[in-house]
Amino acid sequence: MTTILVTGGTGTLGRLVTEKLRADGHEVRVLSRHSEPYAVDLRKGGPALDVALAGVETVVHCASSPNGGDEKAAGRLIRAARRAGAGHLVYISIVGVDRVPLPYYRAKLAVERRIEESGLGWTVLRATQFHELMATFLGALTAPPLALLPAALSDQPVEVSEVAARLAELALRAPSGRVPDMGGPEIRSVPSLARAYLDATGRNRRLLEVPLIGRTYGAFRAGGHLAPDQAVGKGTFEEYLARRFG
């Protein structure tokens with residue numbers, strides 16, 4: 001069986017990737033800032049990173065932070081993986097990182113390029129946003145009695161467990177380069193998603209769409225974050241909400 005290191009292995013996605021790989025009989029090491037015995041902050045590195053990678057054949061890189069540091073973390077991970085002789089680095093990215101000029105997306109794209117140029121065997125999967133993130137976004141927007149929503153915006157949320165299963169599958173294959181994107185089953189307007197969220201949480205709010213300005217909003221409005229030709233996910237937003245809120 002393969003020895004696999006999952007970075008961010010205690011997070012929403014990484015935890016499910018770890019569970020799937022272990023269920024299939026593989027030895028999985030979990031690397032995160034607070035998870036012993038491989039507690040490592042990738043932005044800082046240190047000897048524990050080399051210990052975590054010793055004997056590892058495949059790395060699934062799920063660790064990420066919207067607050068910055070992803071490029072530095074990826075650089076440290078790549079160098080340590082090369083020292084350890086790892087043969088395969090699998091990375092989860094986001095649909096639209098090359099089309100939406102959001103700073104976090106630009107950082108994810110820069111990490112993709114570092115991995116492509118790393119000299120390691122690599123696989124990159126881009127997915128649309130998880131249901132969890134959409135629920136958090138809508139929870140914040142619908143907190144006031146009048147919910148102000150960005151106008152003319154749609155999203156394509158995907159079930160995180162399906163992305164985890166796909167990553168686990170890719171980790172057990174030979175390096176595949178950039179694989180087809182993975183999108184949720186439906187492209188939905190933000191008001192439609194907001195109404196589903198409000199129904200699930202038993203609240204009433206007045207919804208008002210407000211046009212925004214800027215290149216990032218324009219890119220989202222143009223659908224740069226969507227994957228209409230790769231709507232391969234099965235789980236819908238309503239199914240996620242039913243599980244979460246009952």
- What's the verdict on side-chain contact (heavy atoms from CB on, under 4.5 Å) for I94 and V100, showing C-alpha distance, side-chain angles and the deciding distance? CA-CA 10 Å; I94 305 171; V100 178; over 6 Å; no
- Task: Might you work through the salt bridge (charged side-chain N to carboxylate O under 4.0 Å, His left out) test for K20 and D24, ending with a clear yes or no?
- Result: CA-CA 6 Å; K20 172 62 175 171; D24 290 341; 3.8 Å; yes
- Task: List the steps and the verdict of side-chain contact (heavy atoms from CB on, under 4.5 Å) for D70 and R114.
- Result: CA-CA 11 Å; D70 276 11; R114 279 182 176 246; over 6 Å; no
- Task: Take L16 and E19, measure what side-chain contact (heavy atoms from CB on, under 4.5 Å) needs, and give me the verdict at the end.
- Result: CA-CA 5 Å; L16 296 177; E19 290 175 359; 3.7 Å; yes
- Task: Could you check L31 against R29 for side-chain contact (heavy atoms from CB on, under 4.5 Å), going step by step and ending with a plain yes or no?
- Result: CA-CA 6 Å; L31 185 147; R29 300 176 186 175; over 6 Å; no
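In this structure, OG1 on T136 lies 12.5 Å from CZ on F130, to the nearest 0.5 angstrom. Taken from CD in E238 to OG1 in T236, the straight-line distance is 5.0 Å, to the nearest 0.5 Å. Once rounded to the nearest 0.5 Å, the distance linking CG of L13 with SG of C62 reads 4.0 Å. Note that CG of L208 and CG of L149 are 7.5 Å apart. Values are rounded to the nearest 0.5 Å. Between L5 atom CG and H61 atom NE2 the span is 10.0 Å, to the nearest 0.5 Å. Between the CD atom of Q129 and the CZ atom of F137 there is a distance of 10.0 Å, given to the nearest 0.5 Å.
With hydrogens and angles ignored, the 3.5 Å screen pairs a side-chain donor or acceptor of T128 with a backbone N or O of Q156. At distances below 3.5 Å, not a single donor-acceptor pair connects side-chain atoms of D50 with backbone N or O atoms of A84. Judged by distance alone, with hydrogens and angles left aside, the side-chain atoms of E57 form a donor-acceptor pair with the main-chain N or O of T3 at under 3.5 Å. A donor-acceptor pair under 3.5 Å links the side-chain atoms of R76 to the main chain of R43, judged by distance alone. Using a distance-only test at 3.5 Å, with no hydrogens or angles considered, a donor-acceptor pair links the side chain of H131 to the main chain of G235. With hydrogens and angles disregarded, a donor-acceptor distance shorter than 3.5 Å links the side chain of H225 to the backbone of S154. Checked by atom type and distance alone, the side chain of T2 never pairs as donor or acceptor with a backbone atom of I4 at under 3.5 Å. In terms of modelled atom types and a separation under 3.5 Å, the side chain of T10 and the main chain of G8 share no donor-acceptor contact. Side-chain N or O atoms of T7 include one that pairs as donor or acceptor with a backbone N or O of A63 at under 3.5 Å.
Counting only heavy atoms from C-beta outward, the side chains of L138 and F237 approach each other to under 4.5 Å. In this structure, the side chains of L125 and V90 stay at 4.5 Å or more apart for every pair of heavy atoms. Proximity of M182 to V163: side-chain heavy atoms (C-beta onward) are separated by under 4.5 Å at one or more points. Side-chain contact between V6 and L167: absent, with no pair of heavy atoms (C-beta onward) separated by less than 4.5 Å. Side-chain atoms of P150 and L141, non-hydrogen and from C-beta on, do get closer than 4.5 Å to each other. At a threshold of 4.5 Å between non-hydrogen side-chain atoms, the residues L207 and L198 count as touching. Two residues are said to be in side-chain contact when any heavy atoms from C-beta on lie closer than 4.5 Å; E186 and L193 fail this criterion. Put simply, the side chain of L77 reaches to within 4.5 Å of the side chain of L89, judged on heavy atoms.
Taking both residues in full, the closest heavy atoms of L241 and A200 are given as CB-CB, 3.7 Å, listed atom of the first, atom of the second, then distance. Heavy-atom minimum distance, P185 versus A231: O-CB, 4.1 Å. For the residue pair S176 and T123, the shortest heavy atom distance occurs at N-OG1, 2.9 Å. Among all heavy-atom pairs drawn from G183 and A227, the shortest one is CA-CB, 4.5 Å. The two residues V40 and G45 make their nearest non-hydrogen contact at CG1-O, 4.2 Å. The minimum heavy-atom distance linking P228 with I187 is given by the pair CB-CD1, 3.8 Å.
Environment of CZ in R113: sparse, with no more than 12 heavy atoms of neighbouring residues, nucleotides or ligands closer than 6.0 Å. More than 12 heavy atoms of other residues, nucleotides or ligands sit less than 6.0 Å from atom CG of L146.
In terms of hydrophobic clustering, with Ile, Leu, Val, Met, Phe, Trp and Tyr side chains grouped at heavy-atom distances under 4.5 Å, V28 and V51 are assigned to different clusters. Hydrophobic clustering, with ILVMFWY side chains joined whenever heavy atoms are under 4.5 angstrom apart, groups I92 together with V232. In terms of hydrophobic clustering, with Ile, Leu, Val, Met, Phe, Trp and Tyr side chains grouped at heavy-atom distances under 4.5 Å, L109 and V124 are assigned to different clusters. Y240 and V160 fall into different hydrophobic clusters, defined by Ile, Leu, Val, Met, Phe, Trp and Tyr side-chain heavy atoms under 4.5 Å apart, directly or through other members. Both F220 and V97 sit in one connected hydrophobic cluster of ILVMFWY residues. Membership requires side-chain heavy atoms under 4.5 Å apart, directly or through other members.
Between H88 and the choices T58, V59, L170, L120, the side chain to side chain contact (heavy atoms under 4.5 Å, CB included) rule is met once, by T58.
Applying the side chain to side chain donor-acceptor pair (under 3.5 Å) test to pairs two or more places apart or on separate chains, those with a residue in residues 89-104 are S64-Y104, Y91-K108, S93-E112, D98-R126. Residue pairs satisfying the side chain to side chain donor-acceptor pair (under 3.5 Å) criterion with at least one member in residues 205-220, sequence neighbours excluded, are absent. Listed by first then second residue, pairs satisfying side chain to side chain donor-acceptor pair (under 3.5 Å) with a partner in residues 160-170 read E159-S161, R166-E169, E169-R173, not counting sequence neighbours.
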